[in-house]
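Keep in mind that this is a model prediction, so the values were computed, not measured. Any value given below was found using the heavy atoms of this structure, including those in side chains, with hydrogens, waters and symmetry copies removed.
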Amino acid sequence: MLDTTALNQQRNFFDGHADIWLFGYGSLIWKADFAYLERRPAYIQGWERRFWQGSHDHRGTLESPGRVATLIRAKDSICHGMAYRITPEVLAPLDIREKNGYLREKVLLTFLAENGEAAKQSEGLIYLASEDNPAFLGEAPLTEIAQQIANAHGPSGPNKEYLLNLATALRELGATDAHIFDLELQLSRI
Ligand code: BEZ
């Protein structure tokens with residue numbers, strides 16, 4: 001495992017800022033177990049969500065790793081999620097929780113107004129698991145990914161709960177994501 005905790009403590013993109021926007025595209029959309037000042041639906045451009053990161057510490061085990069979300073670069077795509085305005089000290093526990101390959105990355109967020117239109121923009125942070133981290137599993141047929149998710153359970157619960165909660169949260173945001181909704185469908189067939 002690549003423990004990214006110490007690396008992330010050096011990735012101080014917003015040093016000196018009193019608050020930081022953190023963009024959640026996975027479990028953070030529906031489960032924010034940290035203090036935040038404000039939360040707003042937002043999207044990031046140039047990224048697509050994928051169940052390509054392995055999880056043997058949260059949603060699976062070493063023997064039967066689960067799969068969780070990460071982002072891949074895709075120039076013309078947008079990825080919807082939830083932005084949280086936090087104070088900087090909130091990041092340290094997240095660095096520890098997401099230590100299995102996720103690194104802080106700076107992105108440009110676009111907030112959505114009540115009517116769903118793009119409103120103002122701000123720089124923010126994501127936690128990104130890129131393909132060079134040891135837990136990265138990468139692309140596989142959707143049926144195989146769904147089967148792996150159906151089989152995996154970890155300390156944070158069943159892997160399928162993560163996928164189903166994410167799909168529900170995206171629907172509540174009025175967002176579409178073909179990868180997530182197709183996986184949800186494949187899972188329902190198992
Ligand atoms: C997210 O929801 O954005 C997220 C949560 C944990 C690790 C990486 C991303």
Side-chain angles (χ1 to χ4, degrees), residues 21-33 36 38-55 58-60 66-86 94 98 101-102 104-131 136-152 156-190:
W21 282 102
L22 173 67
F23 179 77
Y25 59 85
S27 59
L28 294 185
I29 299 183
W30 82 88
K31 194 180 75 174
D33 51 4
Y36 58 85
E38 188 184 349
R39 93 201 267 260
R40 295 180 63 180
Y43 64 78
I44 54 176
Q45 191 147 18
W47 297 93
E48 281 181 9
R49 189 173 5 239
R50 290 285 185 276
F51 266 73
W52 288 6
Q53 173 71 354
S55 176
H58 282 298
R59 295 288 176 171
R67 277 180 177 258
V68 289
T70 187
L71 296 172
I72 57 159
R73 288 179 201 274
K75 195 163 126 318
D76 298 322
S77 300
I78 61 172
C79 174
H80 284 271
M82 187 63 80
Y84 298 89
R85 193 161 61 83
I86 57 169
L94 282 173
E98 305 306 335
Y102 285 95
R104 298 181 192 172
E105 208 56 67
K106 196 158 100 169
V107 290
L108 181 66
L109 311 185
T110 304
F111 299 102
L112 290 172
E114 289 284 314
N115 61 4
E117 302 265 315
K120 77 173 190 113
Q121 294 187 313
S122 177
E123 286 190 316
L125 273 186
I126 53 170
Y127 280 89
L128 177 68
S130 53
E131 61 186 38
F136 190 81
L137 295 176
E139 190 165 11
L142 280 189
T143 48
E144 282 177 26
I145 296 182
Q147 189 63 60
Q148 186 173 353
I149 290 171
N151 294 343
S156 300
N159 200 177
K160 69 177 181 197
E161 179 186 75
Y162 177 107
L163 170 59
L164 297 177
N165 283 351
L166 179 55
T168 301
L170 288 172
R171 239 175 247 115
E172 282 170 7
L173 283 175
T176 52
D177 186 319
H179 179 75
I180 303 303
F181 295 156
D182 288 352
L183 268 178
E184 184 191 34
L185 181 64
Q186 294 300 330
L187 183 71
S188 74
R189 292 179 174 153
I190 292 172

Closest non-hydrogen atom pair between [X] and [Y], with its separation:
{"X": "A150", "Y": "L187", "value": "CB-CD1, 3.8 Å"}
{"X": "A69", "Y": "R49", "value": "CB-CG, 4.1 Å"}
{"X": "G66", "Y": "A152", "value": "CA-CB, 3.5 Å"}
{"X": "A119", "Y": "T110", "value": "O-CG2, 4.2 Å"}
{"X": "G81", "Y": "I29", "value": "CA-CD1, 3.8 Å"}
{"X": "Y36", "Y": "I86", "value": "CB-CG2, 4.0 Å"}

In the structure I gave you, are the side-chain heavy atoms of [X] and [Y] within less than 4.5 Å of one another anywhere?
{"X": "V107", "Y": "L128", "answer": "no"}
{"X": "I44", "Y": "L71", "answer": "yes"}
{"X": "I126", "Y": "Y102", "answer": "no"}
{"X": "Q121", "Y": "Q45", "answer": "no"}
{"X": "I180", "Y": "F51", "answer": "yes"}
{"X": "D177", "Y": "L166", "answer": "no"}
{"X": "L170", "Y": "F181", "answer": "yes"}

Let me confirm one number: the [atom1]-[atom2] distance from [X] to [Y], rounded to the nearest 0.5 Å.
{"X": "E131", "Y": "R73", "atom1": "CD", "atom2": "CZ", "result": "10.5 Å"}
{"X": "L109", "Y": "Y43", "atom1": "CG", "atom2": "OH", "result": "11.0 Å"}
{"X": "S122", "Y": "W21", "atom1": "OG", "atom2": "CH2", "result": "7.5 Å"}
{"X": "M82", "Y": "L112", "atom1": "CE", "atom2": "CG", "result": "9.5 Å"}
{"X": "L142", "Y": "E184", "atom1": "CG", "atom2": "CD", "result": "12.5 Å"}
{"X": "L28", "Y": "Y127", "atom1": "CG", "atom2": "OH", "result": "9.0 Å"}

Cation over ring face, R40 and F111, 6.0 Å, 45°: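 Relative to the ring axis of F111, which defines the angle, R40 lies inside both limits.
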Residues in side chain to side chain donor-acceptor pair (under 3.5 Å) contact with [X], at least two apart in sequence or another chain:
{"X": "Y84", "value": "none"}
{"X": "R85", "value": "D19, E38"}
{"X": "H80", "value": "none"}
{"X": "D182", "value": "none"}

Restricting to salt bridge (charged side-chain N to carboxylate O under 4.0 Å, His left out), what partner residues turn up for [X], sequence neighbours left out?
{"X": "E105", "value": "R11"}
{"X": "E123", "value": "K106"}
{"X": "D33", "value": "R97"}

Relative to the ring of H179, is the ring of W52 parallel (under 30°), tilted (30 to 60°) or perpendicular (over 60°)?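 Taking H179 first and then W52, their aromatic rings stand perpendicular (interplane angle over 60°).
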Please identify each residue that fulfils ring pair (Phe, Tyr, Trp, His ring centres under 6.0 Å) with F23, with sequence neighbours left out.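 If we apply the ring pair (Phe, Tyr, Trp, His ring centres under 6.0 Å) test to F23, skipping adjacent residues, there are no hits.
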Sequence neighbours excluded - side chain to side chain donor-acceptor pair (under 3.5 Å) pairs with any residue from residues 142-151: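 Non-adjacent pairs meeting side chain to side chain donor-acceptor pair (under 3.5 Å): R67-Q148, Q147-N151.
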Just jot down the side chain to side chain contact (heavy atoms under 4.5 Å, CB included) partners of [X], sequence neighbours excluded, or say none.
{"X": "S130", "answer": "D132"}
{"X": "E161", "answer": "R59, P158, N165"}
{"X": "R189", "answer": "L185, Q186"}

Would Y162 and W30 satisfy ring pair (Phe, Tyr, Trp, His ring centres under 6.0 Å), going step by step from the backbone distance to the final call? CA-CA 10 Å; Y162 177 107; W30 82 88; 5.4 Å; yes
Using the side chain to side chain contact (heavy atoms under 4.5 Å, CB included) rule, pick out the option among L137, L163, L183 that qualifies with I145.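 Checked L137, L163, L183 against I145; only one passes side chain to side chain contact (heavy atoms under 4.5 Å, CB included): L183.
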